[in-house]
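What follows is a set of notes on a single structure, which appears directly below.
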Amino acid sequence: MNKNYTSTRNNSVSISAKEAIKKGFADDKGLFVYPNLGNDQLDLKTILTLDYQSIAKTVLAKLLPDFSQSEINESVDHAYSSTFDSTKITPVVDVDNFHVLELFHGPTSAFKDVGLQLLPQLMKHVLTDNSKVMILTATSGDTGKAALEGFKDLENMGIIVFYPDGGVSKIQKLQMVTTGGHNTRVAAIKGNFDDAQTNVKLIFNDNTLKGQLGSAVSLSSANSINIGRLIPQVVYYFDSYKQLVQNGTVKAGDPVNFTVPTGNFGDVLAGYYAKLLGLPVKKFVVACNENNVLANFFENGVYDRNRPFFQTVAPSMDIQISSNFERLLYYKSGEDSAYVKQLMDDLETTGKYQVSKEVLDAIQADFYCGYSTDQEIEAAIKSVYEKTGYLMDPHTAAGYKVMRDYQKLDDTPMILLSTASPYKFVKAVAAAVLPEEADSDDVLQTMKDLTTKTKAPIPENLQKVWELPVKHESIIQKSEMENYVKEQVEAVFYDKDQSSSN
Ligand SMILES: *Cc1c(COP(=O)(O)O)cnc(C)c1O
């Protein structure tokens, strides 16, 4: 088996996993992918006997072959030893006739913790000699805090998070601005998320700035296009299947289905990787919210982002270009990188592309896609809570609605991925189960009343955050972002030990 990664847009590229993690994405703007992923599967019988950390070590050894086993072991042990509030890391909870895979037991109560606890640990083994990396992230909420926690206080690494001033929820902002660590920086931007994102991309492509930062410092991203963040997510698909085998719900080898609330398509793509590696999955049910570009694509094979953008109650899914979908197109076109490049060029110039009937059929064989409106999300939170006592966050609830649509066609055992604690999206959850407080600005009080009413526990980090001192108060103009990066690279890497290398 080829041990190198290639680019979705040019299969003459050949690059080690370590280099792929350091670079993030390819020079041709394609994403790094492993050719022939399904040729060398994992042994399911063995996996079913392992704990979460050991499954992680097995999966990573397969997909990151240039890391030594001791580098992998050390990274996994760091990432998942004491940072999650469940010993199972991602526990499966039985609800009614489906099973919820809770991905929100990490340090920031976001599913992004699963990838962002491990990526920085892998990055340690990628940085050689005295090279340094500054992570730049524009966030609309959950990624920022999860990335800050993952990179906090790691040597030769720093992280700068930009968020839109007034554009994230109260608790998400609190989580970010109270982050400690000598190498963390957070700045609010006078503008919206797209402004922040666009400027971060400009900074990444600014060669003058790169020259000024010197050869020892590179800039990188913690976005889900990085394989170091994507591959850790393959693990919980195997682990949740193991949990269902262990509690007798399915027999080893029997198929299951997964429903995944989707934004950038990273989470569900990791599930498809697990299937290619031998996990018996019949169907992946992909759930969108009202930003339903993907759901429309599944009807006719046309991906068209020329449409209005909606701000919904499930903001982490408010996305019009699902970046990781490009990787699925690569595999489903028979690893035809010229074809993928053509589609992506079409997307860039016209905002849309159309795939062939064969490619669409191949995608539909493994995936089903639907969407949920805000009203349906609220109704789902309410009805599941009233029927079973289980409290879902709005993203999980979007998944629930689409899952129920699909279950009319197929009664294979179903695992619904839950991507956030309900306490991170208090307003929407209160609207469903505590309507008298839906308009309250006292978020902490609403959280307390929600836990009293529903008995769903508030994660410790979301309770404590209210008492922590605010450490990051910068509010800057979009035009100041580049300068801010320069100053903070200097401060994080060179102020501390007074050494100045350029
Ligand atoms: C990021 C996120 C998603 C979307 O995941 P993708 O990997 O981008 O598809 C869904 N729900 C929540 C709560 C998230 O934070």
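No hydrogens, no waters, no symmetry mates; every other heavy atom, side chains included, goes into these values. When a ligand or atom number is given, it counts from 1 through the structure's own listing order.
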Protein contact of [atom] - nearest heavy atom, named by residue and atom, plus distance:
atom                    : value
atom 5 (O) of ligand 1  : Phe111 CE2, 3.5 Å
atom 13 (C) of ligand 1 : Thr419 OG1, 3.3 Å
atom 4 (C) of ligand 1  : Gly263 N, 3.4 Å
atom 6 (P) of ligand 1  : Asn264 N, 3.5 Å

Going by the angle between their ring planes, with limits at 30° and 60°, are [X] and [Y] parallel, tilted or perpendicular?
X      : Y      : value
Tyr353 : Tyr303 : parallel
Phe258 : Tyr237 : perpendicular
Phe325 : Phe297 : perpendicular

Could Glu460 and Lys464 be called an ion pair, given the rule that one side-chain N must be under 4.0 Å from one carboxylate O?
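Yes, this pair counts.
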
For the pair Lys332 and Asp366, find out whether any cationic side-chain nitrogen is under 4.0 Å from an anionic carboxylate oxygen.
yes

For ligand 1, is any non-hydrogen atom under 4.0 Å from Asp267's backbone (N, CA, C, O), its side chain (CB onward), both, or neither?
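For Asp267, backbone and side-chain atoms both sit under 4.0 Å from ligand 1.
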
Examine the proximity of ligand 1 to Phe265 and report which part, side chain or backbone, both or neither, has a heavy atom under 4.0 Å away.
backbone

Atoms in ligand 1 flagged as close to Ala420, the criterion being non-hydrogen separation under 4.0 Å
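Ligand 1 atoms under the 4.0 Å threshold to Ala420: 13 (C).
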
Pull out every atom of ligand 1 sitting under 4.0 Å from any heavy atom of Thr262, numbered as shown with elements.
9 (O)

Any chance NZ of Lys242 has more than 12 other-residue heavy atoms, nucleotides or ligands included, within less than 6.0 Å?
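For Lys242, atom NZ is crowded (more than 12 foreign heavy atoms under 6.0 Å).
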
How about Asn306: does its CG atom have over 12 heavy atoms from other parts shown lying under 6.0 Å from it?
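Yes, the 6.0 Å shell around CG holds more than 12 heavy atoms from other groups.
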
Counting both backbone and side chain atoms, is some N or O of Gly266 under 3.5 Å from an N or O of ligand 1?
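There is such a contact, yes.
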
Note: heavy atom closest to atom 2 (C) of ligand 1, options Met317, Lys112, Arg229, Lys424, belongs to Lys112

